[in-house]
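Worksheet for the structure shown next.
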Amino acid sequence: MHDMQNIPRIDPRRPYVIGPSGLKRIILGAETGMRDPMQVSHHDESRVALRTNKETTATVLVVVHSDRGALDEHGKQAIAAAALLANAETAVVVAIMGTCNDDLSVLGADKIITYPSLDVTRYSPETTVEALRQLWGEIHPVRMYLPDTGADAEIGRRFAAIHRKTIATDVVEINQTEVRRWIPGNRFAVAKLTDVVMLAKNAVDTKLPWVGKGEVVESPTVNSVSERVRDLGISASAPENVALEEADAIVSGGNGMKDMSTFKALADAMGAATGASRVAVDDGRFPRAKQVGATGKTVQSSMYMAIGISGAVQHLQGIKDCRHVIAVNIDESAPIVKRASLTVIEDSSSFMKAMLELVNDAKKVAGKE
Ligand SMILES: Cc1cc2nc3c(=O)[nH]c(=O)nc-3n(C[C@H](O)[C@H](O)[C@H](O)COP(=O)(O)OP(=O)(O)OC[C@H]3O[C@@H](n4cnc5c(N)ncnc54)[C@H](O)[C@@H]3O)c2cc1C
């Protein structure tokens, strides 16, 4: 049985979601002229084939906001979905609202256009919609894909409403003629394929057997538009007021972290929210609301520092969307080490004291104290 909570976690390999019934046939079948992934060596990246060698005569457009030069998993999925669905004559054009340091060719992007001034730190929906109107007029895409979250969710709806495009939201399955979205009661709502497709999270696998051309194009000038809403900038709220699921930096303690006062001081100094493993919660060191993992919160911070946490599979499930995981552990064979992009093999208490000193020194140098 499915309930609403399971909806964003659809396994793309199940037979009814995007990819399986539709995608497998659409993209990998001989009739599309696509490369057969079985002929591609996954171990030799230099030999990964282009998605298509044919001259492209049509385009599909993917629109994604980036955050400090990086795309989140949902944004990546939108690009991969567009590439999976495009036929051999169709180019995948990606408009990045912001900058992008990632290699998007591995997600099937053929052409990448960045709009650095339209990143998520500024609220400028009317200018963004104008940028898309200009781009749409230039490349005449057959379809536009966006992730159905955050700034992208708003832009897709605004664009469709203003420019009278058909739109489907929360889409989990798509084929040549129809889109499907989940509705309560474990049912699909089916609609004709629309101009704008807003994709639900985790409906597509981003591991592709081929690459796009990845050509980066200079940012076009966008006509100036007067925004009706004035952006007063971003002000950070105190980490303890931020929901763990929305925190950008999290310092998390586990069974190997007992020095609570240094832990709290470090989190404060770093401006990070605090999380915990289940063992640390069961011990009474953290409230249940701080538990990260399968039976706790699923977080998606840019930085997740796991101090004295082993990285049990149930804990890792809660941090799968985190961008940078830093592990602090005395055991270099702890599973968290495999997940982390940086590991410090050190006693948690000594680490936290040293780190606290470094952060405070850095703040003094920056004149923030
Ligand atoms: C159904 C189910 C659901 C679960 N849900 C969750 C969940 O949502 N979230 C969750 O976290 N767990 C969950 N668990 C529990 C999970 O399996 C682990 O038991 C738990 O995550 C372990 O917590 P830990 O890593 O803090 O503790 P431990 O497994 O005890 O690991 C402690 C780590 O700290 C290191 N360490 C020890 N001393 C030090 C030191 N002085 N300095 C630095 N490092 C040190 C150790 O090397 C070790 O790696 C669940 C389990 C089940 C069965």
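Just so you know, ligand 1 is whichever comes first in the structure, and atom 1 is the first atom listed for that ligand. We number each residue from 1, following the sequence as shown.
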**OP:** Have a look at H65 and tell me which of D72, I155, I96, L118 forms a side-chain contact (heavy atoms from CB on, under 4.5 Å) with it.
**Re:**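 With H65 as partner, side-chain contact (heavy atoms from CB on, under 4.5 Å) holds for just one option, I155.
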**OP:** Tell me the residues surrounding ligand 1, counting only those with a heavy atom closer than 4.0 angstrom, sorted by chain and number.
**Re:**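 Residues within 4.0 Å of ligand 1: G254, N255, G256, S277, R278, V279, Q291, V292, G293, A294, T295, G296, G308, I309, S310, A312, Q314, H315, N329, I330, D331, A334, E346, D347, S348.
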Note: [X]-[Y] ion pair, threshold 4.0 Å (strictly below):
X    : Y    : result
K54  : E89  : yes
R157 : D148 : yes
E357 : K353 : no

Original post:
With sequence neighbours left out, what residues match T99 under side chain to side chain contact (heavy atoms under 4.5 Å, CB included)?
Top reply: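 For T99 the side chain to side chain contact (heavy atoms under 4.5 Å, CB included) partners, ignoring immediate neighbours, are P116.
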Original post:
Do the rings of Y304 and H315 sit parallel, tilted or perpendicular, given the 30° and 60° boundaries?
Top reply: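 It falls in the tilted class, 30° to 60°.
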